[in-house]
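First up is the structure itself, then whatever we jot down about it.
Keep in mind that the numbers below use all heavy atoms, side chains included, and drop hydrogens, waters and symmetry copies.
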Amino acid sequence: YKLISGKNTRVLLPNMFTIVGVCIGLSSIKFAFDGNFQLSVISIIIAAILDGLDGRVARLIKGVSRVGKELDSLTDVISFGVAPAFIMYFWKLNELGKFGWLLCLIYVVCVALRLARFNVNTEEEISWKDNFFEGLPSPAGGILVLMPLIISFSGLEKFLFKINYDLLVPTLFIVISILLISTIPTYSFKKIVIPRTMTKFLLFGLVLFFGALLVYTFKILAVSSIIYICLIPISYFHYKKIKKEKNISSDKDEELEDVL
């Protein structure tokens with residue numbers, strides 16, 4: 001007698017990743033409330049890693065389910081919407097009074113709207129557009145709004161201009177909120193094709209990155225966040241270039257069909 005079927009067993013594993021992720025996301029709020037902002041940031045990073053794993057594990061073991069999809073979105077709202085908003089409110093936005101709380105509300109609403117649109121768009125047919133997100137993904141948004149806090153812990157301030165956090169934090173909240181609900185294409189990194197000869201270099205790079213992340217956590221997070229921001233305009237022009245090429249090729253196909 002089986003307590004759960006084989007299908008449910010496959011569904012259970014990715015959902016466990018998702019549930020653990022939301023627990024860690026909620027715990028980050030508790031850490032921030034206690035003033036342990038370093039641990040709260042690390043919790044969000046772990047939640048982001050789990051968020052990236054649950055979908056890939058589900059597809060790998062064929063455990064994709066509608067419940068898992070909805071659960072993942074609800075988790076993202078908490079881990080990358082509510083939690084970062086509370087962390088930054090406890091750290092800096094509370095000094096702005098009601099306006100600081102308004103920024104938190106706007107950001108969380110934009111995360112929810114972005115995830116609702118993502119759920120609708122994933123019903124569409126698979127195409128080359130799957131290599132891009134429409135707007136900023138919520139995990140990236142959750143980490144980017146924490147960037148001022150990450151920079152303050154990284155020790156990289158001495159290499160930058162004098163940072164006015166009172167201005168940077170609210171400005172970043174507004175910009176990230178707009179990017180979340182925008183239609184600007186950003187890289188999804190879901191379908192990266194690596195030649196077999198490059199696999200060992202990729203593995204070495206991943207080991208080097210995560211090793212450096214463990215040793216120089218906030219420095220690597222700060223640099224990675226800055227690099228990701230620089231990739232946004234690159235992804236936009238790359239998307240436009242591919243779209244133009246696809247339209248040209250499709251027009252040629254239509255002309256060929258008319259001739260035949």
Side-chain angles (χ1 to χ4, degrees), residues 14-55 57 71-96 100-101 103-105 107-108 111-112 115 136-160 163-166 168-170 172-173 176-177 180 206-229:
N15 287 349
M16 285 177 62
F17 277 104
T18 305
I19 292 172
V20 171
V22 73
C23 290
I24 294 175
L26 282 170
S27 297
S28 69
I29 300 175
K30 173 64 167 58
F31 298 142
F33 183 76
D34 293 338
N36 194 344
F37 292 105
Q38 289 191 1
L39 193 55
S40 65
V41 171
I42 292 173
S43 297
I44 296 298
I45 300 302
I46 294 174
I49 293 173
L50 291 174
D51 180 73
L53 286 176
D54 59 5
V57 170
L71 182 63
D72 186 63
S73 293
L74 292 172
T75 299
D76 286 356
V77 171
I78 295 173
S79 297
F80 311 115
V82 177
F86 268 105
I87 292 171
M88 296 306 289
Y89 183 79
F90 291 141
W91 184 62
K92 187 61 68 176
L93 289 177
N94 61 85
E95 298 175 3
L96 301 178
W101 183 244
L103 290 176
C104 292
L105 294 178
Y107 170 73
V108 174
V111 170
L115 288 167
L136 193 70
S138 54
I143 294 174
L144 289 181
V145 294
L146 295 174
M147 192 165 64
L149 183 57
I150 293 172
I151 291 175
S152 70
F153 291 137
S154 68
L156 297 176
E157 289 177 301
K158 56 187 177 182
F159 299 106
L160 304 171
I163 300 175
N164 184 352
Y165 289 112
D166 294 331
L168 177 62
V169 173
L172 199 59
F173 258 76
I176 297 301
S177 298
L180 283 166
L206 289 173
V207 171
L208 184 62
F209 173 78
F210 283 104
L213 187 62
L214 289 173
V215 179
Y216 306 104
T217 303
F218 293 102
K219 287 183 174 63
I220 297 299
L221 287 176
V223 173
S224 299
S225 298
I226 294 172
I227 291 174
Y228 184 85
I229 291 175

With a 4.5 Å cut-off on side-chain heavy atoms, are [Y] and [X] touching?
X: Ser79; Y: Asp51; value: no
X: Ile42; Y: Phe218; value: yes
X: Thr217; Y: Gln38; value: no
X: Phe153; Y: Phe37; value: yes

Do you know which two heavy atoms are closest between [X] and [Y], and how far apart they sit?
X: Phe90; Y: Ile29; answer: CE1-O, 4.1 Å
X: Leu103; Y: Pro170; answer: CD1-CB, 3.4 Å
X: Ser40; Y: Ser28; answer: CB-O, 3.2 Å
X: Leu149; Y: Met88; answer: CB-SD, 4.1 Å
X: Phe173; Y: Pro84; answer: CZ-O, 4.4 Å
X: Ser138; Y: Leu180; answer: CA-CD2, 4.0 Å

task = Determine, stepwise, if the pair Leu136 / Leu144 fulfils side chain to side chain contact (heavy atoms under 4.5 Å, CB included).
result = CA-CA 10 Å; Leu136 193 70; Leu144 289 181; 4.0 Å; yes

query = Which residue, Ile87, Val108, Val111, forms the side chain to side chain contact (heavy atoms under 4.5 Å, CB included) with Val82?
reply =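 Among Ile87, Val108, Val111, the one meeting side chain to side chain contact (heavy atoms under 4.5 Å, CB included) with Val82 is Val108.
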
task = For side chain to side chain contact (heavy atoms under 4.5 Å, CB included), just list the numbers for Leu221 and Leu213, CA-CA rounded to whole Å, side-chain angles, deciding distance to a tenth of an Å, and then say yes or no.
result = CA-CA 7 Å; Leu221 287 176; Leu213 187 62; 3.9 Å; yes

Just how far is it from atom [atom1] of [X] to atom [atom2] of [Y], taken to the nearest 0.5 Å?
X: Leu214; Y: Phe210; atom1: CG; atom2: CZ; answer: 9.0 Å
X: Met147; Y: Ile226; atom1: CE; atom2: CD1; answer: 6.0 Å
X: Leu172; Y: Tyr107; atom1: CG; atom2: OH; answer: 9.5 Å
X: Ile220; Y: Ile150; atom1: CD1; atom2: CD1; answer: 12.0 Å
X: Ile143; Y: Ile45; atom1: CD1; atom2: CD1; answer: 4.0 Å
X: Ile24; Y: Phe31; atom1: CD1; atom2: CZ; answer: 9.0 Å

inquiry  = Is there a side chain to side chain contact (heavy atoms under 4.5 Å, CB included) between Leu146 and Trp91? Walk through the geometry before answering.
reply    = CA-CA 10 Å; Leu146 295 174; Trp91 184 62; over 6 Å; no

message = Could you walk me through whether Ile19 and Leu71 satisfy the side chain to side chain contact (heavy atoms under 4.5 Å, CB included) test, starting with their C-alpha distance in whole Å, then the side-chain angles of each, then the deciding distance to 0.1 Å, before giving a yes or no?
response = CA-CA 8 Å; Ile19 292 172; Leu71 182 63; 4.0 Å; yes

